[in-house]
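Whatever order the structure lists ligands and atoms in, that order sets their numbers, starting from 1. Note that the coordinates shown come from a computational prediction; the quantities given were computed from them, not determined experimentally. Note that the numbering runs from 1 along the sequence shown for the chain.
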Amino acid sequence: MREKEFAKDLIDYAYKGASSFHAVKTSVDILEKEGFKELKLTDKWDIKQGGKYFVTKNSSALVAFEINSDKVDEEGFRIIASHSDAPCFRIKPNPEMVSEKVYLKLNTEVYGGPILSTWMDRPLAIAGRVAVKSDNILKPKEVLVNINKPLCIIPNLAIHMNRNVNSGVELNKQVDMVPLVSIVNENLEKDGLLLKEISKEISIPCGDILDFDLFLYEYEKGCLVGLDEEFISSARLDNLAMAHSSLYALINSNNSKGINIFVMFDNEEIGSSTKQGADSNMLKNILERITISLNKTREEFFTSIYNSFIISADMAHPVHPNRGEKHDPTNRPVINKGPVIKINANQKYTSDSYSISVYEAICKEAGVPCQKFVNRSDQAGGSTIGPISSTHLDINSVDIGTSILAMHSVRELGGVNDHYYAYKSFLKFYGI
Ligand SMILES: [Zn+2]
């Protein structure tokens with residue numbers, strides 16, 4: 001069954017995408033296999049009609065595109081935007097800490113907004129990027145590292161010492177969330193233990209490792225769940241599910257009009273305001289460079305922009321089976337009943353009647369059901385890349401996403417059919 005195969009492929013993709021760097025690397029591997037060519041931001045571009053290209057930024061954001069025709073000034077860009085990062089724990093510098101003279105722990109800080117308690121009592125592995133010495137001090141070499149072993153764990157406090165644990169207990173990020181990594185004997189040198197482990201993993205001497213961006217991730221892989229395997233239980237569904245479905249839609253689309261763009265920003269979970277985030281000119285600059293390389297004028301760049309459309313694809317909230325009262329009384333999306341259009345009066349989402357009609361029409365043509373989400377009026381809710389991206393690129397945009405339960409848990413829960421529906425709607429969009 002295609003839906004289940006596609007969902008299993010997502011589980012693999014999300015597992016390989018253990019950090020934003022790995023999410024980009026996993027996507028790049030897929031694109032290269034499909035004949036997409038890499039462009040460098042530092043080189044001059046020479047792109048051709050019919051060409052398929054990709055470019056990375058900071059190794060943690062990715063833009064891939066296909067030049068269907070050279071009339072982008074009339075036919076525009078069709079853009080689907082997602083993000084590569086997920087809430088997690090980042091390892092601090094000098095991370096080794098010892099308690100009781102024997103417990104070796106790793107000092108971490110929280111990245112984004114995870115549900116902290118879900119990270120406890122689960123084997124955790126480490127992945128990210130290491131900066132390595134090169135001949136040019138301004139350009140250190142980057143090496144990705146994924147220590148895919150159950151290396152550490154954050155143990156809960158026993159209920160006997162924490163009688164209120166089931167009525168809600170505050171977790172202190174510096175006290176309760178520090179992972180245990182080993183038992184050391186007193187004579188053992190604790191300093192640099194992590195560095196030694198990294199050095200072993202990437203076969204580069206400790207002395208050549210300059211710095212690192214390392215994160216914890218859940219060691220166990222996701223799986224399909226349910227009587228009929230109708231659910232997807234996995235880490236990082238937010239937002240690798242949207243990245244996965246839009247990536248395959250880009251690859252499998254067949255169009256002779258305009259330019260199809262896949263973009264995966266980094267740092268959505270911490271507000272997007274980084275050079276590789278949606279609150280930068282990264283995408284705008286890349287779109288302009290594409291038009292320059294196709295010998296278009298700046299005026300034609302602007303007509304390209306205003307003939308374009310963005311689907312900002314991030315996850316949505318279905319009605320919770322145990323907590324229905326938390327949701328809007330009349331807009332009640334559920335899992336496996338189609339992608340969800342996200343709407344907010346204060347424009348925390350970009351959707352408006354114009355862009356909603358466009359996405360609804362796309363779904364209709366694709367034979368995909370779709371639903372609507374609005375927060376309960378007394379709940380603040382979240383935001384996403386759409387509104388932030390719109391402050392740099394004033395293109396018509398809709399915010400949509402498949403719905404997942406337990407958003408920002410170490411294990412989120414989505415629907416097998418929804419994932420395929422999203423893919424079908426993206427495929428239709430890229431084919432218009
Ligand atoms: Zn997200």
Side-chain angles (χ1 to χ4, degrees), residues 10-11 13-14 17-24 26-27 60-62 79-90 110-116 118-119 215 217-218 222 232-247 262-274 276-280 282-283 310-318 320 333 335 339-344 347-351 373-375 379-390 397-415 418-419 422-423 426:
L10 165 62
I11 291 169
Y13 177 84
S19 71
S20 55
F21 304 103
H22 290 85
V24 166
T26 305
S27 309
S60 66
L62 169 68
I79 303 167
I80 304 180
S82 59
H83 65 87
S84 59
D85 62 323
C88 63
F89 290 80
R90 181 190 162 95
V110 175
Y111 176 88
I115 302 178
L116 295 177
T118 64
W119 282 75
F215 302 88
Y217 71 93
E218 191 200 7
I232 308 169
S233 167
S234 169
R236 298 176 291 284
L237 290 180
D238 177 7
N239 188 16
L240 297 188
M242 292 296 93
H244 178 259
S245 45
S246 55
L247 185 69
F262 160 96
V263 52
M264 180 159 65
F265 292 107
D266 192 8
N267 302 129
E268 190 275 341
E269 299 295 352
I270 53 164
S272 295
S273 51
T274 62
Q276 59 278 356
D279 197 359
S280 74
M282 177 184 89
L283 180 60
I310 296 187
I311 295 180
S312 159
D314 203 349
M315 310 312 280
H317 302 290
H320 193 283
I335 287 188
V340 176
I341 301 170
K342 300 185 276 183
I343 301 156
N344 179 268
Q347 288 286 293
K348 293 267 173 61
Y349 302 123
T350 55
S351 317
F373 171 85
V374 195
N375 280 304
Q379 299 256 337
S383 188
T384 180
I385 41 184
I388 294 168
S389 191
S390 289
S397 169
V398 66
D399 270 287
I400 65 108
T402 51
S403 62
I404 50 168
L405 292 164
M407 190 182 286
H408 290 192
S409 165
V410 76
R411 270 297 177 105
E412 296 165 325
L413 190 73
D418 278 346
H419 188 54
Y423 164 73
F426 296 158

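- The aromatic rings of Tyr349 and Phe373 sit perpendicular, their planes meeting at an angle over 60°, well past the 30° parallel limit.
- Between the Zn ion (ligand 1) and Glu269 there is no N/O/S contact shorter than 2.8 Å.
- The aromatic rings of Phe21 and Phe215 sit tilted, their planes meeting at an angle between 30° and 60°.
- Checked against the Zn ion (ligand 1), the N, O or S atom of Asp238 at the shortest distance is OD1.
- Using modelled atom types, one finds a donor on one side chain and an acceptor on the other under 3.5 Å when comparing Thr350 with Asp399.
- Inclusion of Asp314 in the first shell of the Zn ion (ligand 1) is supported: an N, O or S atom falls under 2.8 Å.
- The closest side-chain donor-acceptor pair between Thr402 and Asp418, if any, does not fall under 3.5 angstrom.
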